[in-house]
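Computation of the quantities below employed the complete heavy-atom set of this structure, encompassing side-chain atoms and omitting hydrogens, waters and symmetry-equivalent molecules.
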Amino acid sequence: MPLGKQIHPFQYSGHHEPAIFDFRRNRRDGVFHNYVKRLTKSWIFKGIIFTTILANSLFVALETDYQMANKFFIFFNVSEQLFLAIYTVEFLAKIYVDPIKYWKIGFNVFDFIVLSLSFIHRFLPLRLKRSLYWLHIVRPLRTLRTISFIRGLQVLSTALVSTLKSVFFVLFLLFLLMTVFALIGYYFYGNTDHGDYKNWGNLRSAYFTLFSLVTLDGWTDLQAETGRLGFMSSRIFIIGFILVACYLFFNLFIGVIIINIRETTKEFNKGVQTERETILLQKKQAILQRQQSHIADLMEKQKTSQFESFSEMVEKFKQTLRHDDYVLLDDLCSSLSFIDIYFTSLDEQDNTLYKLQQLYFEISYVLGNLLEVDRHQERSEKKDGDGTNNPK
């Protein structure tokens with residue numbers, strides 16, 4: 001087999017995946033792009049951003065003190081500009097690395113929204129800032145950016161987002177149940193003359209009362225107050241609602257969240273495993289490409305008669321390899337395809353031997369039965385012969 005055909009970047013896996021390794025070689029700024037890409041994935045860059053988020057959260061908390069905010073107004077103002085500058089550099093670096101993939105990640109979209117609102121709040125005129133006071137929530141929202149740096153929090157947040165649909169149905173069912181109990185409470189205990197008009201006088205107050213029962217906030221006082229008015233059936237009503245709404249729906253709500261967290265964790269682990277395999281494939285291909293370039297150089301050097309033989313050239317090539325490189329062997333027995341076929345043939349051989357062994361056991365059993373029958377016949381003939389020769 002020619003040497004050039006043996007070097008295949010996917011020979012170890014038995015299939016072709018050329019789409020995985022699209023490095024966008026058409027970029028003219030490839031060197032700088034790779035540098036920025038490595039920088040954004042380095043632990044130093046992530047550590048700086050994470051420290052900035054924590055420091056920003058601390059400064060926001062310190063600014064809640066009126067005296068400290070007035071005393072260190074310039075310091076807090078300059079630090080806010082510095083934080084915005086760091087967030088902007090992070091955003092521009094990630095957009096420069098991959099402007100398409102950036103928007104496919106939900107945490108990146110959240111960071112962009114928070115950064116955009118921060119700039120709007122920063123450069124708005126004072127007159128508009130007073131009217132748009134709700135923009136002050138942007139600075140506390142930056143604390144949530146820590147979720148994108150901790151994978152465990154990413155799993156939990158993704159699971160909570162995925163449970164919104166199921167949780168909505170659970171809450172809607174709970175709302176229907178509360179509507180039924182609210183109407184029952186209104187008709188039974190909401191009489192304006194001798195009823196509990198404060199808690200059951202209208203549908204709004206009945207909803208609020210049932211909500212306090214769901215949270216188990218002062219339900220004993222509510223029951224005692226209703227009982228003093230002579231409504232003894234309120235015990236069954238209130239306890240029944242607590243059992244159904246609080247314990248049943250609360251456990252159902254927790255069960256839905258746990259199931260979604262488990263499924264999200266499985267998908268997250270699969271994604272991590274796929275990412276590791278992709279990185280490993282990239283390293284393997286980089287090694288194989290480097291080996292290809294070495295072999296091409298050696299072939300060119302061989303044309304200039306620097307080596308006396310091909311074996312000498314191969315030995316020289318082996319000296320250029322590192323201890324962790326994947327060596328391309330030209331022996332047939334070293335290929336994974338051959339090893340797979342060999343193990344398959346061994347399995348078939350074991351199955352054949354097992355079937356032959358069963359056949360031998362059956363043959364031995366049949367021969368033993370035949371031998372026993374022959375012995376029985378010989379004994380019968382011998383007894384018959386002795387009986388005819390020696391009559392009584």
Side-chain angles (χ1 to χ4, degrees), residues 1-21 155 159 162 166 251-252 254-285 287-288 291 295 310-311 314-315 317-318 321 323-392:
M1 183 181 295
L3 183 61
K5 294 183 179 180
Q6 294 178 8
I7 303 175
H8 196 285
F10 298 101
Q11 189 172 0
Y12 55 87
S13 61
H15 60 279
H16 300 271
E17 296 179 3
I20 296 178
F21 303 103
V155 175
S162 62
S166 301
N251 291 328
L252 181 62
I254 294 177
V256 169
I257 294 178
I258 291 176
I259 292 173
N260 282 275
I261 289 177
R262 183 178 61 183
E263 294 178 355
T264 307
T265 304
K266 289 181 180 179
E267 295 178 358
F268 179 78
N269 293 331
K270 289 181 181 179
V272 172
Q273 185 66 26
T274 303
E275 182 181 356
R276 292 177 180 175
E277 292 177 357
T278 303
I279 294 174
L280 180 60
L281 291 177
Q282 292 177 355
K283 290 182 179 179
K284 287 181 179 180
Q285 187 185 13
I287 293 172
L288 294 174
Q291 292 182 5
I295 291 175
F310 182 77
S311 301
V314 173
E315 292 297 330
F317 168 70
K318 290 182 179 179
L321 298 177
H323 68 281
D324 56 347
D325 286 349
Y326 296 90
V327 181
L328 300 177
L329 300 177
D330 53 357
D331 189 3
L332 178 63
C333 297
S334 62
S335 64
L336 294 180
S337 301
F338 175 80
I339 294 174
D340 188 17
I341 295 173
Y342 179 69
F343 282 136
T344 303
S345 62
L346 288 180
D347 293 336
E348 295 293 337
Q349 185 178 359
D350 291 338
N351 294 331
T352 304
L353 291 176
Y354 178 73
K355 292 179 181 179
L356 288 175
Q357 188 178 12
Q358 288 182 338
L359 181 60
Y360 292 154
F361 287 156
E362 292 178 0
I363 292 174
S364 301
Y365 180 74
V366 172
L367 292 177
N369 290 336
L370 292 176
L371 183 61
E372 188 67 27
V373 171
D374 291 340
R375 289 182 179 179
H376 183 68
Q377 290 178 356
E378 289 178 359
R379 291 175 182 175
S380 299
E381 292 176 356
K382 187 175 180 180
K383 289 182 179 180
D384 293 339
D386 292 341
T388 54
N389 295 331
N390 299 317
K392 292 182 180 180

Nearest 0.5 Å please: distance from the [atom1] atom of [X] over to the [atom2] atom of [Y].
X	Y	atom1	atom2	value
Leu346	Asn351	CG	CG	11.0 Å
Arg262	Glu267	CZ	CD	12.0 Å
Leu371	Ser364	CG	OG	12.0 Å
Glu277	Gln273	CD	CD	4.5 Å
Asp374	Glu378	CG	CD	6.5 Å
Ile254	Ile259	CD1	CD1	12.0 Å

With sequence neighbours excluded, tell me which residues meet side-chain contact (heavy atoms from CB on, under 4.5 Å) with Glu275. Arg151, Ile279
Quick one, Gln285 with Leu281, criterion side chain to side chain contact (heavy atoms under 4.5 Å, CB included). Give me CA distance, side-chain angles, the key distance, then yes/no. CA-CA 6 Å; Gln285 187 185 13; Leu281 291 177; over 6 Å; no
